[in-house]
Novice: 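Below is the structure I would like to discuss, written out as structure tokens.
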Amino acid sequence: MSRTNPFYTFVSHNKYWIVLIVGMLIVGVLDENSFYQRVKNNIQISELKSQISNYNERYEKDEAQLKELRRNAKAITKIARERYFMKADDEDIFVLSDDLTPTTEENETAK
């Protein structure tokens, strides 16, 4: 009897399984259309859909505010006072803050 190489015998008996495993490895991990890329793309798609819904909500809110500004002239002054701290000539504005960090003048007087 001739002695054959054990590696060759293993490969010849299991060639279909080896091809199947290598093919699954290529398709599952190494290919550009792999399962890993598919999962990654699905995660990215879900994130983008959530961003789209956020932008749509913002758009609807801004659109409603724009309609209100076109209908009501006093809404412009309301927004100017609330957001930009604008005032009429006979008014004073006091901004209350919870910020407890001392200013540079307070630091110099404490020294």
Side-chain angles (χ1 to χ4, degrees):
M1 280 214 220
S2 71
R3 292 188 67 177
T4 58
N5 188 357
F7 178 73
Y8 176 74
T9 345
F10 176 77
V11 169
S12 67
H13 289 293
N14 298 312
K15 59 186 166 195
Y16 296 111
W17 285 108
I18 293 172
V19 169
L20 184 67
I21 291 171
V22 169
M24 291 295 286
L25 183 68
I26 289 172
V27 170
V29 180
L30 302 176
D31 192 29
E32 67 182 26
N33 298 320
S34 67
F35 295 121
Y36 174 72
Q37 288 291 347
R38 183 177 172 92
V39 169
K40 200 162 93 170
N41 288 339
N42 284 339
I43 291 171
Q44 186 178 12
I45 286 171
S46 66
E47 288 174 357
L48 291 174
K49 283 183 180 180
S50 69
Q51 284 182 358
I52 287 172
S53 66
N54 288 340
Y55 286 130
N56 284 336
E57 289 174 11
R58 246 202 249 170
Y59 173 77
E60 294 295 328
K61 181 180 164 187
D62 290 343
E63 190 69 28
Q65 189 176 21
L66 206 70
K67 286 180 183 177
E68 178 66 27
L69 288 175
R70 288 183 183 143
R71 282 187 296 167
N72 189 359
K74 290 185 179 182
I76 296 173
T77 58
K78 179 182 174 188
I79 290 175
R81 289 171 188 238
E82 288 177 358
R83 289 192 184 169
Y84 304 110
F85 303 113
M86 293 184 176
K87 65 180 184 92
D89 291 334
D90 59 343
E91 294 178 339
D92 291 329
I93 295 179
F94 297 99
V95 179
L96 303 176
S97 175
D98 292 337
D99 190 15
L100 298 177
T101 57
T103 61
T104 56
E105 292 176 8
E106 291 175 355
N107 285 339
E108 291 176 1
T109 57
K111 290 181 182 179

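All of these numbers come straight from a predicted model, not from anything done at the bench. Residues take their numbers from the sequence shown, with the count starting at 1.
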Novice: Can you list, by chain and residue number, the hydrophobic cluster partners of L25 when the side-chain cut-off is 4.5 Å?
Specialist: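 L25 clusters with F7, F10, V11, I18, V22, I26, V29, L30.
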
Novice: Would you name the heavy atoms of S34 and G28 that are closest together and state the gap between them?
Specialist: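 Taking S34 first and G28 second, the nearest heavy atoms are CB-O, 3.4 Å.
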
Novice: Return the OH to CD distance between Y55 and E60, rounded to the nearest 0.5 Å.
Specialist: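 Taking OH in Y55 and CD in E60, the distance rounds to 16.0 Å.
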
Novice: Go through it in stages, so that I can follow the logic: the residues are K61 and Q65, the test is side-chain contact (heavy atoms from CB on, under 4.5 Å), and I'd like the CA-CA distance, side-chain angles, deciding distance and then a yes or no.
Specialist: CA-CA 6 Å; K61 181 180 164 187; Q65 189 176 21; 5.7 Å; no

Novice: Closest heavy-atom contact between S50 and S53?
Specialist: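 Shortest heavy-atom contact: O-OG, 2.7 Å.
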
Novice: Output, in order, the C-alpha distance, side-chain angles, deciding distance and verdict of side-chain contact (heavy atoms from CB on, under 4.5 Å) for R70 and L66.
Specialist: CA-CA 6 Å; R70 288 183 183 143; L66 206 70; 3.3 Å; yes

Novice: Could you measure the distance from the CG atom of L69 to the NZ atom of K78? Nearest 0.5 Å is fine.
Specialist: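 Result: 10.5 Å between the selected atoms.
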
Novice: Compare every heavy atom of T77 with every heavy atom of K74, then report the nearest pair and how far apart it is.
Specialist: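 Closest heavy-atom pair between K74 and T77: O-OG1, 2.7 Å.
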
Novice: Can you list, pair by pair, the side-chain donor-acceptor contacts under 3.5 Å of residues 36-44, counting residues two or more places apart and other chains?
Specialist:
from: N41; atom 1: ND2; to: Q37; atom 2: O; distance (Å): 3.3
from: N42; atom 1: ND2; to: R38; atom 2: O; distance (Å): 3.4

